[in-house]
Colleague: 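Below you'll find the structure I mean.
Note that the numbering runs from 1 along the sequence shown for the chain. For the numbers below, each heavy atom of this structure counts, side chains included, while hydrogens, waters and symmetry mates do not.
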Amino acid sequence: MAKSKTLFSIFFIPLLFSTLITAKDPRFDRSLSPKSLGLRKEKLSHLHFYFHDILSGQNPTAVRVAQAAMTATSPTLFGAVMMADDPLTVGPEPNSKVIGKAQGIYASASQKDLGLMMMLNFAFMEGKYNGSTVSLLGRNAVFSGVREMSIVGGSGVFRFARGYAQAKTFWLNTTSGDAIVEYNVYVLHY
């Protein structure tokens, strides 16, 4: 009898404690099937719109929220940080139909040329993309003919998005900084 109690103690008690310890140590990750989230075959979408960045006038769509001590004397405005809520439109005209907003931050990140660090969400308000967003992150060399930036995510229709955006200046007022930029965005999503 004593031998069976000893064997019971040797095998059962450690098993009991390991079960209790495991129960108190929940997992923070697990593998899922894409189908369990309703993900279907991946699609490629092409979005084309115009971005209106207005710094001047009584209703600017982008405002400076921070700057470095040297920004005012820098030829590239190095250190300037802008917050944007810019309209996205179907055409380049200011009164063209608004399909969404570019909301986020861009900052002058280069001391030698006008290179902006862009961190924006394109938030759509029309059609099948209403309520969905695409997130852009990248370098925008403003005076280059066409600039390419990364699409790093999205929401709604664009969950798990990835891709790239090409920006091309349509119009720029070098005095006020106001600009209209044409965007072609290529997004892989489910």
Colleague: What closest approach, in Å, do L136 and A165 show between heavy atoms, and which atom pair accounts for it?
Modeller: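 In this case the closest contact between L136 and A165 is CD1-CB, 3.6 Å.
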Colleague: Atom OG1 of T89 and atom OH of Y50: how far apart are they, to the nearest 0.5 Å?
Modeller: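 Reported to 0.5 Å precision, the distance equals 8.0 Å.
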Colleague: Answer yes or no: are there more than 12 heavy-atom neighbours, outside D29 itself, under 6.0 Å from its atom CG?
Modeller: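 Atom CG in D29 is packed in, count exceeds 12.
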Colleague: Could you go through the side-chain contact (heavy atoms from CB on, under 4.5 Å) check for Q166 and E182 one step at a time?
Modeller: CA-CA 8 Å; Q166 291 180 324; E182 179 181 15; over 6 Å; no
Colleague: Do F51 and L116 share a hydrophobic cluster (ILVMFWY, side-chain heavy atoms under 4.5 Å, transitive)?
Modeller: yes
Colleague: So with a 6.0 Å cut-off around OH of Y186, is the heavy-atom count from everything else above 12?
Modeller: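 Yes, enclosed.
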Colleague: Out of curiosity, does W171 fall in the hydrophobic cluster containing L55 (side-chain heavy atoms, cut-off under 4.5 Å, transitive links)?
Modeller: no
Colleague: Just how far is it from atom CE of M82 to atom CD of Q67, taken to the nearest 0.5 Å?
Modeller: 10.5 Å
Colleague: Looking at every non-hydrogen atom in both residues, tell me the closest pair between A179 and L172 and how far apart they are.
Modeller: CB-CD1, 3.9 Å
Colleague: Would V65 and L120 show up in the same hydrophobic cluster when neighbours are defined by side-chain heavy atoms closer than 4.5 Å?
Modeller: no
Colleague: Using the rule that two of Ile, Leu, Val, Met, Phe, Trp, Tyr join whenever any of their side-chain heavy atoms come within less than 4.5 Å, decide whether M117 and L114 are in one cluster.
Modeller: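 No.
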Colleague: How long is the straight-line distance from CG of N173 back to CG of D178, given to the nearest 0.5 Å?
Modeller: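 It comes to 6.0 Å.
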Colleague: Is the closest basic N to carboxylate O distance between E126 and K97 below 4.0 Å?
Modeller: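 Judged by the 4.0 Å cut-off on N to carboxylate O distance, E126 and K97 do form a salt bridge.
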Colleague: Is it true that I54 and L88 fall in one hydrophobic cluster, defined by side-chain heavy atoms closer than 4.5 Å?
Modeller: no
Colleague: Can you tell me how far the CZ atom of F143 sits from the CG atom of D113, to the nearest 0.5 Å?
Modeller: 9.5 Å
Colleague: Passes ring pair (Phe, Tyr, Trp, His ring centres under 6.0 Å), Y183 versus F122? Steps please.
Modeller: CA-CA 11 Å; Y183 272 86; F122 295 134; 5.4 Å; yes
Colleague: For the side chain of S144 and the backbone of V146, is there at least one donor-acceptor N/O pair under 3.5 Å apart?
Modeller: no
Colleague: Answer whether the closest heavy-atom distance between the side chains of V98 and M125 falls below 4.5 Å.
Modeller: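 V98 reaches M125 side chain to side chain.
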Colleague: Salt bridge between K168 and E148, side-chain N to carboxylate O under 4.0 Å?
Modeller: no
Colleague: What is the minimum heavy-atom distance between R147 and G145, and which atoms define it?
Modeller: NH1-O, 3.6 Å
Colleague: What closest approach, in Å, do T76 and S110 show between heavy atoms, and which atom pair accounts for it?
Modeller: OG1-O, 2.6 Å
Colleague: Is Y190 close to F158 at the side-chain level, that is, under 4.5 Å between some pair of heavy atoms?
Modeller: no
Colleague: Is there side-chain contact between V187 and Y164, with heavy atoms separated by less than 4.5 Å?
Modeller: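 V187 vs Y164: side chains apart.
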Colleague: Using a strict threshold of under 4.0 Å (side-chain N to carboxylate O), is an ion pair present between D53 and K101?
Modeller: no
Colleague: Does any non-hydrogen side-chain atom of L47 lie less than 4.5 Å from one of F124?
Modeller: yes
Colleague: Can you tell me how far apart NZ (K128) and OG (S45) are? Round to the nearest 0.5 Å.
Modeller: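 Those atoms lie 6.0 Å apart.
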Colleague: Between T61 and H52, does any side-chain donor sit less than 3.5 Å from a side-chain acceptor?
Modeller: no
Colleague: Is there a side-chain contact (heavy atoms from CB on, under 4.5 Å) between L188 and K43 once you walk through the steps?
Modeller: CA-CA 6 Å; L188 283 166; K43 296 182 273 187; over 6 Å; no
Colleague: What is the minimum heavy-atom distance between M118 and Y106, and which atoms define it?
Modeller: SD-CB, 3.4 Å
Colleague: Is there side-chain contact between F49 and I99, with heavy atoms separated by less than 4.5 Å?
Modeller: yes
Colleague: Tell me if the CZ atom of R159 is crowded by more than 12 foreign heavy atoms within 6.0 Å.
Modeller: no
Colleague: For R27 versus R30, what's the shortest heavy-atom pair and its separation?
Modeller: NH2-CA, 4.4 Å
Colleague: Does V157 reach the side chain of H189, with side-chain heavy atoms less than 4.5 Å apart?
Modeller: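 A side-chain contact exists here, since the closest heavy-atom pair is under 4.5 Å.
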Colleague: Does N121 reach the side chain of V134, with side-chain heavy atoms less than 4.5 Å apart?
Modeller: no
Colleague: Working to the nearest 0.5 angstrom, can you tell me the gap between M70 CE and F78 CZ?
Modeller: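 M70 CE to F78 CZ: 6.0 Å, rounded to 0.5 Å.
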Colleague: Taking the side chain as every heavy atom from C-beta outward, state whether S135 and I151 have any atom pair closer than 4.5 Å.
Modeller: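 Contact flag for S135/I151 side chains = no.
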